[in-house]
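Single-structure report; data block below.
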Amino acid sequence: MSQSSLSILLLGALGLVGIGVGGLVLSRNLYRLVLALAVAETGGNLLLVLAGFRPGAAAPIIEPGRAVAAMVDPVPQAMVLTSIVIGVGVQAFALGLAIRARAAYGSLDMDELRGRMEADIDAEAGAPPAASQHAPAIARLAGQPEAKP
Amino acid sequence: MTALDTVLALSTLAALTAFLFGNARSYAWLAGILLTGQIVLLAGMDLPTSASLDFTIFGQTVGWQLDGFGRFFALITVGAALASVSYMGGEWGERYAAEGKSRRWLHGSLAANVMAMLLLLASKDLIAFFIGWELTSWAGFLLMAQGTDRALRAALRYVPYAMAGAMAVLGGLVLTLAWTGTLDLDGLASAMPDLGNARLAILLVLFGTGFAIKMGLLPFHLWQTPAYAEAPGAGTAFLGAISSRMGLFGLGLLLVKMITLSRLADLSLVDGLFNARDVLAWIAALTIVLPTFTALKQNDARYLLAWHGIGQSGYMLLGLVVGDATGSAGGLLHVFNHATYQAALVLSVFAVMHRTGTADLNSLGGLVTRMPLTFLVMLMGIIGLAGLPPMNGFVSKWLVYRSLMMNGMPLLFLMTVLGTLGTILSVYKLIHNTFLGQLRAEHEQIREAPWSMTVPMLVLVGLGFLTGAAPGLALRWVAQAQAALGLPVMSYTLGGIESARGSLDMLWVVGVLFAGFGIGAILFYGVGNRSKRIHQLDNYAGGHFLSADVRYHYSDNFYAGLMHRIGPLYRGSFVWLESALASATDLTATLMQAWYRQAVPALALLAAVVLGLGWVIWR
Amino acid sequence: MLTRYGALIFAAGFAFFLFVLFAGQPLGAPPMTVGRAVLDQAPAAVGAANIVTSVVLAYRGIDTMGELAILFAASTAVGLVLGRGRGHAAPTAEPGGFILQAGVDLLFPLLLVVGFYIILHGHLTPGGGFQGGVVLAAAFVLPVLARPAEQPSHGAMAWVEGLAGTAFIVTGLAALAFDRAFLAPLLGAGQLGALVSAGTLPILYLAVGLKVGAELASLLLRFTEEEAAR
Amino acid sequence: MNPSVVALVVALPLLAAFLLPLVPGSARRVVGPLVLLVLTGIGMRLWDVASVAPVVLAVGDFLPPLGIVFYVDSVAALFVLAVALLCLLFWPWAGEGEHLDRKQSLTLILAAACGGLAVSGDLFNVYVFYELAAVASYGLAAGGRGAAGQVATFRYVILGSLGSLLALFGITLVYFMTGTVNLAHLAELAPKALVGVPGLAAFLLILLGLGVKAELFLVNAWAPEVYATAETRVSALLAGLVSKLALLVLVRLLVLVFPLPGTHEALLVLGLLGMLTGELAAYKARDVRRMLAWSSIGQLGAAFMAFSVPGDAGLVAGIAIALHHMLVKPALFLLAGRWGGSLGRIAGAARRSPLGAVLFVLFALSLLGVPPLPGFWAKYLLLSGLAGQPGGLWWLGGLVVLLTTVVEAVYLFRVIGALYSRDEGSVAADQSATAVAGSGMLAAVLLVIALSAPVLAGTLDRMAVQMGDVDGYVTRVLTPPAPAVPIGVAP
Amino acid sequence: MTWTDLVVQVMTVLVLAAAFAAMFLRNLLGAAAATALVSLGVSVLFVVLRAPDVALTEAAVGAGLGGLLLALAAKRLGLWRIEVQEKTDDGEGKSC
């Protein structure tokens, strides 16, 4: 395989990472966040496999008949196996959380969920709700003292 | 087991027993015995005495050793504690317990203070010093926080000051270690003067700030008044008498022993415009004047005295910084003198509070007929505070004045005189509003304070009078302190000082004074006595008669005319400074918290990574 | 709006910087410091024709153990989040059409066979415990999709999970009995390329496959349970 | 001692976690504690051995650097011990049915992962254990009180996964440059191979990636939310234990693999910012739980600053701070279980449970570094380490430490003042007996340490020297002690 | 230019396109499908990179299992009813 397509592969891997990370910071939908994470991790795995690849080398599997040819580095492949499974495990857990959050707050919008969460925390602590983003700045800066019952 | 070990063991024992049995009615006796034992041991101790406990940690040896300087302060500490404990032992303590407040904690925190201060005063190296310093701060906090929520709030206001001071000292400590390689005080005494000017200035600022905060020097004085005034009576007496002097102790070690005054004088700041010594002297002078005139405005006797406590510490520092034999002797002697009459005054004020239930100078008056002994105590006390003969306050202040004149510092001298003027005015307000004028109707049934309270007060003022008439008694300890610091030792006599350029013999002064009183009395009574006793209420003012049901006492808005003149000078700048600092911190904190409340933390992370990689790549 | 553009710029910059970094690396010419040694020694030392397998199960066996633990932790955590304590309410979804059901019935044994084949040949050919385990999981989940009414018992699955994981660790610990280090391959390398070779590797891979299959199956089944039953 | 004992540190808790659901009901409750007790024994044994000479285990008898290596020096042994004890202290005893089993399994897995992080000597293996610890702590955090916790955990998962991704890039970069992931091998190659821009970039990526759990500034925004919503038991474990192990791993990498110019500065700056932001944010916190969360961020910033000091001085200071915080913060979180609300609520709580209040004061004072409590020595080491450096950033760091300590004093004493104030709080806030007992035990340890400080100081120095001994690490790992058994042949 | 180069180029383009789709498709179910497609494409690339094990795993775990998980989760999240999630769930819907 030519060097140019190696560069293309590198670009592809990093492109996946860029797209995934971009989606991770851009989107506010929990489900979409999980997707973005999956895409970015796929890119990372591709990169890691690339780290062990040599053009013209064979897959690291010995066919009994054939003589042992030059092979690609097997260690990164083993690592990638691990990281793929890890990624799926985290993805499943995140989806479970999203389901619960949706069931509790009836929304998948991160901003809304975050607001509800802050409100719950303050309510449980018995502290007055924090000054909202829309309150005049000076009120936010002044900050409230601790709650006195 | 050296004498110092015994003293420390006794103080520890006192603290333990206080926390165990402090609630018992008769615990004060045990505490008194333990404290007396410490006084005896301290007085009889040969100097320097080192403790047998010491250990090495992270390459530094930590140990304790008491020299003349420390012993001088230690004696005052234990004495003040003894006075407070005996005051607590009687009716006052009963009332305190009856109000549902914990005598255990009061006794305990008092004993803890004594122990901590002894550890501090006996420290042999900076680590031991810092340990003692912190223990003193937090034991002081404990004592301040006793009793009421007002006291707790005042103590909480003390926390940032105390911590800032401690951290300044700690910073100085580590820098000292980094620069000189030693933390032993004697080793530093030889190593520190060799440091360059810049480093010495840094150390001076760090240590100086820490000590100044403890001492209540301007501009770090705001915490002290409420914290000391709101504490329970015995605690207030102890705190006002000695607690903040630990700052002076530290400054003495730093300025005189380690840096030495001559090196201080060479240390020129703002390229030679003035040297560090002048700066310190002027800080001291300002500390004399401003708090004193703030005291003039107080309407609560406790606050008034607390403000004076700050002002008087200025005299001590000033004398120490002037640094010749008489000046330093005056400064150090003033520590002892101030302890005697400050404690007496505070106790008398609390005696009045004990009977009348208030220390508000606008709601008292005419108590002289009801509480004559307390009146006597306060009278002698304010004479000492104002620095007039025959009390001991006169001696120390005279020494300071004299050294200022001799060293050609007329401006500073004028400042001290101004301070004394303010002192006289405000203490007159104190005694007038409390004891003179006409008795209020609600105070008709007031009785004299119980013996358990009057005796300690009388002992204290008696001590003040004695050392006023025969300063030599106290100057012994002072001379040892001077020697330990490496200052020129003042040659003293029983009556005062013997010097070619004007000596002072208080025995003569007091003798002449009382002779004068006697002659006056003989003339007055002997040669046709025309006086006639009238009742306290049988007088008239402004031309029209007052019937006995209208009590007339001119106390509200005291010194109206004077205040009309100097009132506009009170700007409250320091309060403004403090609140500005607080709100600035608040603002920064809110901004910092905004980071943790951001909507998309991942975005910030990403941005950071990108910037970081950019830094790495184009570095 | 501004933050959105900022995010785009940062994401692009991130990718760009990574490109700058990795473009400077020996792309296509890895140092193979460890890799070459592994390639040289693995066949003799471990005896697996599939060298990746010998790396996964022998050289980096601890990684695989951690990987199993991660799957276990994930499914446990999902159970903690989605689970409803004891007993599972029967899903309310109606069964699928005939075609689907029949297809699944045909598929089930096929998947089972394929899965075990992949697992047991993991040391010879591409594939192994993880891949085969996924197939097994699919084999058990598809019927549920077809007939939501009849669910396999979580209890049985838990047993498979636990025993498979235990088998892996015990096989590792067995080495201690022969005074070897933890997870050292036993039973000799055998003849390269034979089905019965590579010592304990097939056993390990079987354990991995069963555990992964059970984990993933229970994980998937968690998601098939309906919200309504909560 | 058979070095394979080291493997038990990981294998045993995992085995128990796998088997837990199969154990019949009555015995099920004792499995976890038993295993943790055994782990404690192993930790003590390892401590004894490792304080003489570190223990090396080549897993599977594969000669390093081919296989994975476990390396136990005295620091690692101490952390293994701490893992066992803290997991025991915060063991989920009560709970309903299956959920309790799950929490127990997750706690066991967390213990295994933390033990693995402490002993592992392989970069990618560290990554795996880090992920394991991550997933376990996600689960525990989400198993908390209600949906707010699950939203917070989701945000935590997103941030943590992004971090792991970064770390993976760092590892990939390292592999590109050196072709190995064995720490000793890397330490050998680093001076030549891991230099310049890529090396520093790899360090930055790994630092920010693994820093998420260590509450490193920039990646710690999850902490307040999670600690405020998770069970205090879990918050205590995360803040006390997991963060320290992530820290330990990062320090190992810094010492062994990345002795580059610039790494220490980066660590210093991040730690400085963390301390500044954490302490100041805590100053404005409106409830105790989040206050503690932010203060732990600040403390970890201090630890990072300490480790940023080159040489053994930095290691000594860092280890001291980490251990002290590992002791104090869990206790404070325990007490915050009942007193986690706003100050208005806990007003006057000291009258109801005086012992709890006294314990709170004790730990607060130690956190502030009031002598002679251990916190003072930690702070002293940190400051003297920073002061020993030639000026510049390091002195700025020292200044920040001093100033933030003042802020810390203010907010901690705000709480103490509320506890002891004479007006009544809105809710009855009696301290729970278990919390008092647990924090009481920790307090006893604290006081013992305070009394035996001079002795422990020497031990600390030795630990730091052992940890900083790179050449020793390389030789011990890469030259196997005994001739390896001919591989593949059953004896 | 050998066939591998061709495969690489085609698959890379396809994968990137699928990734974009996964990020910007309004229909989240479609986005999930696109994500699975990304995994599949990458697994092909793995084959080209002489990593058959990884390819199998990526196909089985990443594409198959991951896709199944996403689909089931989407069902439970009620994302199969497109018109509903348009309004409530999709954050981008509002903030664009």
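Just so it is clear, the model here is predicted, and its values are computed rather than measured. Order of the sequence lines fixes the chain letters, A, B, ..., with proteins taken first and strands second; residue numbering starts at 1 for each chain.
- With rounding to the nearest 0.5 angstrom, the CG atom of B:Leu581 is 8.0 Å from the OG atom of B:Ser583.
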Determine, step by step, whether B:Gln60 and D:Tyr380 satisfy the side chain to side chain donor-acceptor pair (under 3.5 Å) criterion, reporting the C-alpha distance in whole Å, the side-chain angles of both residues, the deciding distance to 0.1 Å, and the verdict.
CA-CA 12 Å; B:Gln60 298 299 325; D:Tyr380 164 78; 4.7 Å; no
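- Salt bridge annotation for B:Glu578-B:Arg157: present, with a cationic side-chain nitrogen under 4.0 angstrom from a carboxylate oxygen.
- Of the atoms belonging to B:Tyr161, not a single heavy atom falls under 4.5 Å from chain D.
- A cation-pi arrangement is present between D:Arg414 and D:Tyr283 under the rule of less than 6.0 angstrom and at most 45 degrees off the ring axis.
- The two residues B:Leu175 and D:Ala387 have their closest heavy-atom pair at CD2-CB, 4.0 Å.
- At a 4.5 Å heavy-atom cutoff, the contact between B:Phe55 and chain D is made by side-chain atoms alone.
- By number of non-hydrogen pairs under 4.5 angstrom with chain B, the leading residue of D:Ile158, D:Leu368, D:Leu276, D:Asn220 is D:Asn220.
- D:Lys213 contributes atom NZ, which lies 7.5 Å from atom OG of D:Ser164 (distance to the nearest 0.5 angstrom).
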With ring pair (Phe, Tyr, Trp, His ring centres under 6.0 Å) as the test, would you mind laying out the steps for B:Phe211 and B:Trp133 before giving the verdict?
CA-CA 10 Å; B:Phe211 301 151; B:Trp133 183 263; 5.2 Å; yes
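- At a 4.5 Å heavy-atom cutoff, the contact between B:Leu605 and chain D is made by backbone and side-chain atoms alike.
- The distance from the OG1 atom of B:Thr136 to the CZ atom of B:Phe141 is 15.0 Å, given to the nearest 0.5 Å.
- Comparing B:Ala607, B:Ala602, B:Pro160, B:Ala589 by how many heavy-atom pairs each has under 4.5 Å with chain D, the most go to B:Ala589.
- Contact annotation for B:Leu156: only side-chain heavy atoms (C-beta onward) come within less than 4.5 Å of a heavy atom of chain D.
- No side-chain N or O of D:Glu279 forms a donor-acceptor pair with one of D:Ser295 less than 3.5 Å apart.
- Using a 4.5 Å cut-off between heavy atoms, B:Ile131 touches chain D through backbone and side chain atoms alike.
- Heavy atoms of D:Ile416 lying under 4.5 Å from chain B are absent altogether.
- Highest contact tally toward chain B, considering only D:Val212, D:Leu381, D:Leu208, D:Val219, is held by D:Leu381 [criterion: heavy-atom pairs under 4.5 Å].
- Comparing D:Leu403, D:Val197, D:Val410 by how many heavy-atom pairs each has under 4.5 Å with chain B, the most go to D:Val197.
- Contact of D:Tyr156 with chain B is not made at all, since no heavy-atom distance falls under 4.5 Å.
- For the set D:Tyr420, D:Phe217, D:Trp222, the entry with the most heavy-atom pairs within less than 4.5 Å of chain B is D:Phe217.
- If you tally non-hydrogen atom pairs under 4.5 Å between each of B:Leu613, B:Thr585, B:Val159, B:Leu173 and chain D, the highest count goes to B:Val159.
- The shortest heavy-atom contact between B:Met115 and B:Ser11 is CG-OG, 3.7 Å.
- Using a 4.5 Å cut-off between heavy atoms, B:Ala178 touches chain D through its side chain atoms alone.
- Considering only residues two or more places apart in sequence or on other chains, B:Tyr96 meets the ring pair (Phe, Tyr, Trp, His ring centres under 6.0 Å) condition with B:Trp92.
- Residue D:Leu166 touches chain B through its side chain alone, counting heavy-atom pairs closer than 4.5 Å.
- In terms of non-hydrogen atom pairs under 4.5 Å with chain D, the most contact-rich of B:Leu135, B:Thr148, B:Thr56 is B:Thr148.
- Atom CD of D:Glu265 sits about 12.5 Å away from atom CG of D:Leu272, to the nearest 0.5 Å.
- Looking only at heavy-atom pairs under 4.5 Å with chain B, the residue among D:Ala453, D:Ala221, D:Pro371, D:Ala266 that has the most is D:Pro371.
- Contacts between D:Leu402 and chain B at a heavy-atom distance below 4.5 Å involve backbone atoms as well as side-chain atoms.
- Looking at B:Ile617, the atoms closer than 4.5 Å to chain D (heavy atoms on both sides) sit in the backbone and in the side chain alike.
- When heavy atoms are compared at a cutoff of 4.5 Å, B:Leu606 does not approach chain D at all.
- No donor-acceptor contact under 3.5 angstrom links the side chains of D:Ser421 and B:Asp149, judged on distance only.
- Only the side chain of D:Val316 comes within less than 4.5 Å of a heavy atom of chain B; its backbone N, CA, C and O stay farther away.
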For B:Trp138 and D:Phe413, what are the C-alpha separation, side-chain angles and deciding distance, and is it a ring pair (Phe, Tyr, Trp, His ring centres under 6.0 Å)?
CA-CA 11 Å; B:Trp138 297 112; D:Phe413 269 82; 4.8 Å; yes
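- Contacts of D:Leu386 with chain B are absent, with no heavy-atom separation under 4.5 Å from either backbone or side chain.
- Heavy atoms of B:Ser137 lying under 4.5 Å from chain D are absent altogether.
- Contact annotation for B:Val609: both backbone and side-chain heavy atoms come within less than 4.5 Å of a heavy atom of chain D.
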